[in-house]
Amino acid sequence: MEIIFSKDIGFCFGVKRAVKIVEDLIKESEGPFWLLEPIVHNEKVMGKFKKAGVRLVTSLEEIDKGVLIISAHGEKTEVYRRAKEKGLKIVDTTCPLVTGAQNLAKKFQSLGYQIFIAGDKNHKEVTGILEATDKKAIVISKAKDFSKVKIEKPTVLISQTTQSLRNIKEIFKELKKKDKKAKFLNTLCPTCQNRQKEIKELAKKADLVLVVGSKSSANTKRLFEIARNKNKNSFLVEGVNDLNKSAIAERKRIAITSGTSTPDWIIDEVVEKIKTYEKDNPEKN
Ligand code: SF4
């Protein structure tokens with residue numbers, strides 16, 4: 001059995017950075033520590049933080065003192081303001097690429113452009129970009145969303161960092177029909193783009209594909225969709241417990257990639273487990 005890995009795998013730099021900030025914080029400061037959303041979309045990583053005393057709550061009302069940790073996706077301006085009013089210490093792990101997209105939106109808004117954001121309407125990152133434009137930007141999830149949009153000034157398209165290039169191309173093509181001079185400001189995350197490109201190729205070469213990551217992670221689900229389009233034997237697994245031995249054991253070439261919030265140790269566990277299937281089926285090697 002041959003296992004081929006995507007070159008870009010494990011935590012992305014934004015998640016590595018966020019996890020390190022929180023680990024250092026726990027070591028060096030006094031809590032209580034609070035999160036309004038998971039620091040990473042990975043239940044196993046979150047379980048470790050929970051053991052170390054980090055609490056996940058749904059509203060600021062549940063917090064009266066301590067440290068509020070902002071996740072890598074960023075937060076609404078309103079949350080920063082209210083947290084300060086409550087006297088909470090804020091530790092911000094927002095990914096610099098997410099902040100970069102917000103700053104670009106702000107800049108082009110001040111230059112008089114109509115901003116369009118390609119992304120999922122309810123995603124924190126999209127809300128953050130929207131707020132950077134004083135909610136004057138328009139969120140577009142699919143190209144067809146342009147049907148009722150009127151163009152009255154120069155336009156730019158900015159995207160949620162983890163969007164698929166294919167969706168962005170379709171959206172931009174539609175915008176160009178309405179405004180020939182429309183600009184695209186590329187705020188796509190290079191890590192996500194690399195992984196999407198790589199899995200497209202690897203899925204064609206492999207008998208089976210494993211996308212390791214959380215089912216609640218948008219970029220993991222996107223990788224899985226891309227893999228499955230190219231190879232029907234593609235599986236999204238959160239860890240060793242999701243492995244289907246009978247589906248895997250007889251395969252000759254297995255491709256593995258991961259979401260950006262999947263730690264190396266989960267990937268290692270998956271690989272070790274797969275290798276034991278090989279030992280159980282020596283005649284198939
Ligand atoms: S996926 Fe990209 S944008 Fe998101 S946290 Fe990681 S590096 Fe930053």
Side-chain angles (χ1 to χ4, degrees), residues 5-25 35-46 49 54 56 69-76 79 90-106 117-132 139 141 157-168 184-200 211-227 236 238 256-267:
F5 296 93
S6 62
K7 288 192 196 96
D8 210 324
I9 197 164
F11 281 165
C12 62
F13 96 91
V15 169
K16 254 186 216 157
R17 177 179 171 274
V19 168
K20 172 90 173 61
I21 292 173
V22 179
E23 284 173 349
D24 290 349
L25 177 73
L35 279 167
L36 289 170
E37 73 160 310
I39 194 81
V40 289
H41 285 139
N42 189 293
E43 290 70 21
K44 291 190 162 71
V45 178
M46 285 306 294
F49 283 138
V54 180
L56 181 64
I69 304 164
I70 306 287
S71 83
H73 293 128
E75 240 330 327
K76 292 178 187 164
V79 169
I90 298 175
V91 170
D92 196 345
T93 75
T94 307
C95 175
L97 294 182
V98 174
T99 315
Q102 292 170 358
N103 291 342
L104 263 183
K106 209 179 282 177
I117 309 166
D120 306 326
K121 281 191 170 70
N122 298 320
H123 197 283
K124 277 265 163 70
E125 199 191 310
V126 172
T127 319
I129 303 174
L130 189 61
E131 286 195 340
V139 182
S141 303
L157 179 70
I158 289 185
S159 84
Q160 183 185 339
T161 56
T162 50
Q163 278 288 299
S164 80
L165 189 57
R166 192 169 143 199
N167 193 33
I168 298 294
F184 171 52
L185 305 174
N186 190 352
T187 51
L188 288 166
C189 166
T191 303
C192 291
Q193 293 308 301
N194 286 344
R195 289 187 196 200
Q196 289 174 14
K197 240 187 260 165
E198 275 196 282
I199 199 57
K200 215 183 265 178
V211 179
V212 188
S214 167
K215 289 175 182 136
S216 64
S217 152
N219 75 78
T220 304
K221 285 190 278 183
R222 202 151 281 141
L223 284 173
F224 174 57
E225 274 165 29
I226 294 171
L236 194 170
E238 297 204 335
I256 299 185
T257 187
S258 85
T260 57
S261 46
T262 308
D264 289 347
W265 62 267
I266 293 182
I267 301 164

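Indexing begins at 1, ligand by ligand and atom by atom, following the structure's order. Numbering of residues begins at 1 and proceeds along the displayed sequence. Note that the structure is a prediction, hence the values are computed from the model and not measured.
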Any chance you could measure Gln163, atom CD, to Arg222, atom CZ, to the nearest 0.5 Å?
5.0 Å
Value rounded to 0.5 Å, distance of CG in Leu165 from CD in Gln193:
5.0 Å
Please write down residue, atom name and distance for the protein heavy atom closest to atom 2 (Fe) of ligand 1.
Cys189 SG, 2.3 Å
dist Glu131:CD -> Ile129:CD1 (nearest 0.5 Å) comes out at 11.5 Å
Could you tell me which atoms of ligand 1, counted from 1 in the order shown, lie closer than 4.0 angstrom to a heavy atom of Cys192?
1 (S)
Which is it for Phe13 and Leu97 under the side-chain contact (heavy atoms from CB on, under 4.5 Å) test, yes or no, and what are the steps along the way?
CA-CA 10 Å; Phe13 96 91; Leu97 294 182; 4.0 Å; yes
The answer for which part of Thr161 has a heavy atom under 4.0 Å from ligand 1 is side chain
Counting non-hydrogen protein atoms only, what is the nearest one to atom 8 (Fe) of ligand 1? Give residue, atom name and distance.
Cys95 SG, 2.3 Å
Which residue, Asn219, Asp8, Thr220, Ile9, forms the side-chain contact (heavy atoms from CB on, under 4.5 Å) with Thr260?
Asn219
Ligand-residue contact atoms, ligand 1 with Phe13, heavy atoms, under 4.0 Å:
7 (S)
Part of Pro96 with heavy atoms under 4.0 Å of ligand 1, whether side chain, backbone, both or neither:
neither
Can you tell me if an N/O/S atom from Cys12 lies under 2.8 Å from atom 8 (Fe) of ligand 1?
no
Would you check if Glu75 and Thr94 make a side-chain contact, meaning some heavy-atom pair closer than 4.5 Å?
no
